[in-house]
Amino acid sequence: MRYVTLPGTDLEVSVVGFGAWAVGGKWWGDDVRDEDSIAAVRRARELGVTLFDTAPLYGHGHADEVLKQALGDAMGEVTVATKVGVRWDGSGEHAESDLCAAYVREDCEASLRRLGVETLDLLQVHWPCEHDTPLEETLEALCALKREGKIRHFGLCNYAAPELEQALAGGDLGVFQTPYSMIRREFEDELSQVVKPDAKAEARVGVFAYETLARGLLSGKFRTLPRFPQSDLRARDPRYWGTRFFRLARWVDLLRQAAERVDEPTAALAAGWALSRPEVSTVLIGAKRPAQVEQNVRASDVAARPEVVHLLDRIAGAYRG
Ligand SMILES: NC(=O)c1ccc[n+]([C@@H]2O[C@H](COP(=O)([O-])OP(=O)(O)OC[C@H]3O[C@@H](n4cnc5c(N)ncnc54)[C@H](OP(=O)(O)O)[C@@H]3O)[C@@H](O)[C@H]2O)c1
């Protein structure tokens, strides 16, 4: 495993992070079992993963409980990145982003209690505000939590370039989290320019790329149209429907063939490609079981092999949507 220090921070994390959304046990089907999840987290740790990304949203806090149980005392030796600002409606099914200062504080304190720590390593705004709180107020609230020692660093997820620029101007942003994969490349438009306007200079902020496997699709395991239960969000993901899926599956064949050629797992090739981009610090990869983690951590080595990255660039370029 390779490690990276995030620009402008003292945070050193593994270049492959463990994404804890699925282990929360909600929205990812009926096959999530805590014993598998705990084993997956521990295997990640054994294989050198030091970054674990969670959120109050993931299983309504259950992902935090799984991480706490799996990591035990090792919690202090790794970076647990969590999120802030999601408020549930009464049904517990619909969530909205509320980023007023009072809720940012309340939600942060709930995470401190759930994770059983005095300071959160990294608190990231989950998605832009759906009420009318200006970003400035949210950033001030995060700076206040940092001054008080409740968080060490803060970040943003899922913002557009102008807001990212605004946050960077404040000088205190630790991380930016965004979707990015061989088949989802909107990050390369304006966002990557904000992150690294000068090709020769260091990036202005650490970038965590998520969904690098397109929710499992780029692992190459779906050779026929999968049928997901309604409890799995992929049942509502158009990439997993009829014609679109079969078009994608033909392209995934190229990735699978490349994986055979270079003797690495297909998942590691997909995530490794995202990791190879100079703007990306770390890839967050979701996993339910140890065997998946064992494949996914190989992304670190894949990204460090220029000849493999070159091959993957050609395959990514052949994707036609
Ligand atoms: N900030 C945000 O708004 C945001 C949004 C999304 C995600 N994230 C973060 O990013 C992480 C990763 O994203 P993601 O979980 O949405 O998607 P992902 O990493 O693209 O896909 C994860 C899923 O793919 C399958 N999988 C993983 N490794 C595999 C392997 N080696 N072989 C076969 N299947 C494999 C597993 O599901 P099955 O076994 O069921 O197929 C797993 O749950 C999340 O856990 C979360 O921490 C953040």
Side-chain angles (χ1 to χ4, degrees), residues 13 16-33 36-37 40-41 43-44 47 49 51-59 62-64 66-67 79-86 95 97 122-128 154-159 175-184 187 207-223 226-229 231-235 237 239-240 252 255-256 259 264-275 280 282-299 302:
V13 294
V16 176
F18 182 97
W21 188 5
V23 303
K26 200 166 167 16
W27 301 293
W28 283 88
D30 304 325
D31 63 344
V32 183
R33 314 247 176 284
D36 296 337
S37 304
V41 171
R43 190 70 185 125
L47 294 170
V49 172
L51 173 65
F52 295 83
D53 181 70
T54 182
L57 179 91
Y58 299 166
H62 188 62
D64 289 3
V66 167
L67 285 182
T79 298
V80 176
T82 189
K83 310 202 182 70
V84 71
V86 167
S97 179
L122 175 59
L123 187 66
Q124 307 153 104
V125 172
H126 206 150
W127 67 78
F154 62 81
L156 297 180
C157 310
N158 304 310
Y159 276 79
V175 162
F176 178 61
Q177 202 179 126
T178 189
Y180 186 43
S181 74
M182 294 178 90
I183 63 167
R184 192 167 174 194
F187 169 68
V207 171
F208 292 174
Y210 74 74
E211 224 200 69
T212 55
L213 299 187
R215 298 179 171 165
L217 192 56
L218 305 190
S219 71
K221 69 180 169 185
F222 299 116
R223 287 169 191 263
R227 296 246 170 269
F228 294 110
S231 58
D232 193 315
L233 77 170
R234 289 171 291 189
D237 183 334
R239 293 171 294 188
Y240 284 96
V252 172
L255 197 58
R256 206 186 288 114
E264 290 284 2
T266 310
L269 259 58
W273 177 84
L275 180 58
V280 172
T282 284
V283 285
L284 300 173
I285 317 180
K288 293 174 170 171
R289 285 172 280 282
Q292 292 181 338
V293 172
E294 284 162 13
Q295 294 195 339
N296 299 345
V297 294
R298 299 289 314 147
V302 165

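Remember, it's 1-based here, ligands and their atoms both numbered in the order they're listed.
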Counting only heavy atoms and a distance below 4.0 Å, can you name the residues contacting ligand 1? Gly19, Ala20, Trp21, Ala22, Trp28, Asp53, Tyr58, Lys83, His126, Cys157, Asn158, Gln177, Tyr210, Glu211, Thr212, Leu213, Ala214, Arg215, Gly216, Ser219, Lys221, Arg234, Ala267, Leu284, Ile285, Gly286, Lys288, Arg289, Gln292, Gln295, Asn296
Is the distance between the ring centroids of Phe187 and Phe176 less than 6.0 Å? no
So that I know where these two stand, are Tyr180 and Trp273 an aromatic pair - ring centroids less than 6.0 Å apart? yes
Please name all residues satisfying salt bridge (charged side-chain N to carboxylate O under 4.0 Å, His left out) with Arg289, sequence neighbours left out, ordered by chain then number. Asp31
Between Glu264 and Arg256, does any side-chain N to carboxylate O distance fall below 4.0 Å? no
Ala287 versus Val293, closest heavy-atom pair with distance: CB-CG2, 3.7 Å
Would you say the side-chain atoms of Tyr58 and Lys83 include a donor-acceptor pair closer than 3.5 Å? yes
